[in-house]
There are 2 protein chains.
Amino acid sequence: MDTETRLSRIRALAQAEGKVMATALAHDLDVAVQTIRRDLRQLCAAGLLERIHGGAVLPSGVSNIGYGDRRALNRDSKIRIARRAAQLIPDNASLFLNIGTTTEAVAHALHAHRNLMVVTNNLNVANILASNPSCEVVVAGGSLRRSDGGLVGDLAALAIDRFKVDFAVIGASAIDLSGDLLDFDPEEVRVSQQVIKAARATILVADSTKFTRKAPVKIASLAQVDHFVTDRVPSEALINRCADWGTKVALV
Amino acid sequence: MDTETRLSRIRALAQAEGKVMATALAHDLDVAVQTIRRDLRQLCAAGLLERIHGGAVLPSGVSNIGYGDRRALNRDSKIRIARRAAQLIPDNASLFLNIGTTTEAVAHALHAHRNLMVVTNNLNVANILASNPSCEVVVAGGSLRRSDGGLVGDLAALAIDRFKVDFAVIGASAIDLSGDLLDFDPEEVRVSQQVIKAARATILVADSTKFTRKAPVKIASLAQVDHFVTDRVPSEALINRCADWGTKVALV
DNA sequence: TCGCTTTTTATCTTAAACGAACATATGGAC
DNA sequence: GTCCATATGTTCGTTTAAGATAAAAAGCGA
């Protein structure tokens with residue numbers, strides 16, 4: 001069984017059961033425990049699972065924000081990126097925020113903005129922005145994905161279809177050096193694509209660790225992005241390509 | 001049972017009961033008391049519980065459980081009503097929970113139910129049920145109303161239109177003695193009406209203070225309700241009328 | 001207050017799980 | 001063919017979870 005298949009099997013099982021055990025997985029998928037551990041580590045790096053002794057569980061996500069500070073992965077970079085992205089957004093704007101911890105950081109960074117209209121399919125973002133009284137929050141419907149507070153499914157797509165916003169602020173699970181934005185979930189990808197289409201400008205927020213990650217589904221290309229806010233771009237070639245595409249890169 | 005599961009079970013129990021005892025937990029979760037103590041210490045360090053001799057309680061002061069004071073109003077009645085309503089709902093059911101503090105209490109009371117499918121337009125309900133891993137949560141979209149975490153507007157109506165559930169669990173702002181259910185917000189009323197239509201059975205949860213309130217918009221009549229769970233019905237005549245209508249009244 | 005019981009903390013122990021490093025395929029690119 | 005990257009398995013020292021035990025602390029009734 002190849003890695004890709006194994007990862008999605010593990011993800012499916014985790015979604016179904018809430019948790020997975022390393023040794024059990026090793027037995028079921030007929031690979032060494034060490035291999036499973038590597039898989040779990042990868043899935044955790046992408047924020048899809050959280051390690052526990054003996055296996056992994058779905059991230060606490062929605063259920064307990066501010067429980068541990070597990071969310072603190074690359075926290076400083078994310079905050080800096082979020083602040084810069086927030087600067088790109090003027091008061092009185094309408095925008096979309098999708099799923100991802102970086103977009104959640106953007107939601108935090110928008111606390112001082114006035115009179116925004118924010119559409120989101122991220123329950124955490126909704127909770128965060130609820131504390132900004134001068135901001136209308138519209139929640140796109142959908143099935144709650146506990147791992148990250150995302151609302152997915154065709155309900156979300158249906159809802160987003162009714163909006164045309166000034167900015168789409170999107171995250172991505174991975175970015176490859178050719179400039180493709182990647183994600184794990186085809187459903188979420190569909191939403192992201194729809195959002196990019198429905199927005200007058202697209203802002204991509206992603207820290208540089210995303211360049212070392214992998215994910216199976218393509219969201220879009222950096223060519224379709226207007227502003228790319230990140231902490232480091234590992235390849236000079238990619239920066240040049242962004243210039244050609246007209247994608248403004250903001251390094252923080 | 002792994003640590004993570006144990007911690008969330010303890011949290012859920014603490015939310016439901018208000019306090020937990022170390023020895024009882026050790027017995028229930030089938031681990032040594034020592035282990036439970038370690039768990040409690042961890043939860044307290046995170047500020048989710050407070051130690052007392054023999055166990056732990058919900059932190060006093062800060063309303064972890066409640067946002068406004070309204071929630072504290074008639075808290076005991078609401079909890080009793082919610083528990084009774086939860087008994088009416090079997091495992092594996094699909095249901096709708098609308099806006100209101102009493103329906104939020106029902107969401108809490110459903111913490112031990114298995115395999116539910118819950119549709120809600122109440123952000124608080126979504127947050128509460130997110131901690132029950134064996135429960136699919138579908139959020140109906142809409143504009144966030146900060147006063148009560150409700151999602152309102154035609155987006156919500158659009159979403160609900162796509163479901164047919166076993167139970168509608170609804171609250172009401174007021175009930176008058178002729179048996180009419182009333183609310184303040186015409187938009188929310190539209191959602192509630194739609195929900196009643198889309199459900200095979202309707203459960204109304206409302207404490208007796210609702211009989212002394214007034215509200216301008218009519219949701220429905222008690223005649224359309226299958227189960228009415230409350231703590232007191234002030235009028236003998238209304239009880240008789242419910243009997244005529246086939247509305248089962250459960251007093252707690 | 002004293003003394004008894006229960007609970008808590010501290011420390012130790014065992015078995016399981018973990019990560020790092022190394023070894024071994026596997027499959028292109030040249 | 002060689003070289004290189006990647007994926008997987010293996011070994012080994014380290015870490016962690018959780019039960020057990022004994023001493024300290026807290027609660028409680030007389």
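Sequence lines set the chain letters: A, B, ... in the order given, protein chains first and strands last, and positions in each chain run from 1. On a predicted model such as this, the values are computed, not experimentally measured, just so you know.
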Are any protein N/O atoms closer than 3.5 Å to N/O atoms in nucleotides 25-30 of chain C? If there are, list each pair with its distance.
none

Counting neighbours of CZ on Arg80(A) that are heavy atoms of other residues, nucleotides or ligands and sit closer than 6.0 Å, is the number greater than 12? yes

Can you list, in residue-number order, the parts of residues 3-19 of chain A that come under 4.0 Å of DNA chain D, counting heavy atoms only? Thr3(A), Arg6(A)

Decide if atom CZ of Arg11(A) counts as having more than 12 heavy atoms of other residues, nucleotides or ligands within a radius under 6.0 Å. yes

4.5 Å side-chain heavy-atom contact, Glu104(A) and Ile128(A): yes

So with a 6.0 Å cut-off around CZ of Arg200(A), is the heavy-atom count from everything else above 12? yes

Treating primed atoms plus P, OP1 and OP2 as sugar-phosphate and everything else as base, which nucleotides of nucleotides 12-20 of chain C get B, S or - for protein heavy atoms under 4.0 Å? -----SBBB

Indicate whether any N or O donor in one side chain lies under 3.5 Å from an N or O acceptor in the other, for Asp231(B) and Ser77(B). yes

Do Ser178(A) and Arg241(A) have side chains that get closer than 4.5 Å, going by heavy atoms? yes

Identified side-chain contact (heavy atoms from CB on, under 4.5 Å) partner of Ile175(A) from the options Thr212(A), Thr209(A), Leu204(A), Leu182(A): Leu204(A)

5' to 3' on DNA chain D, which nucleotides open and close the contacts with chain A (atom under 4.0 Å from a heavy atom)? dA7(D) to dA17(D)

Who are the side chain to side chain contact (heavy atoms under 4.5 Å, CB included) partners of Ser192(A), not counting sequence neighbours? Asn98(A), Glu188(A), Ile219(A)

If we only count heavy atoms from C-beta on, is the Arg6(B) to Thr35(B) side-chain gap below 4.5 Å? yes

Does the side chain of Asn115(B) pick up a donor-acceptor pair with the side chain of Asn92(B) at under 3.5 Å? yes

Heavy-atom distance under 4.5 Å between the side chains of Leu181(A) and Leu222(A), does that happen here? yes

Show every donor-acceptor pair shorter than 3.5 Å between a side-chain atom in residues 14-33 of chain A and any protein atom, with sequence neighbours excluded, or say none if there are none.
residue: Lys19(A); atom: NZ; partner: Asp2(B); partner atom: OD1; Å: 2.7

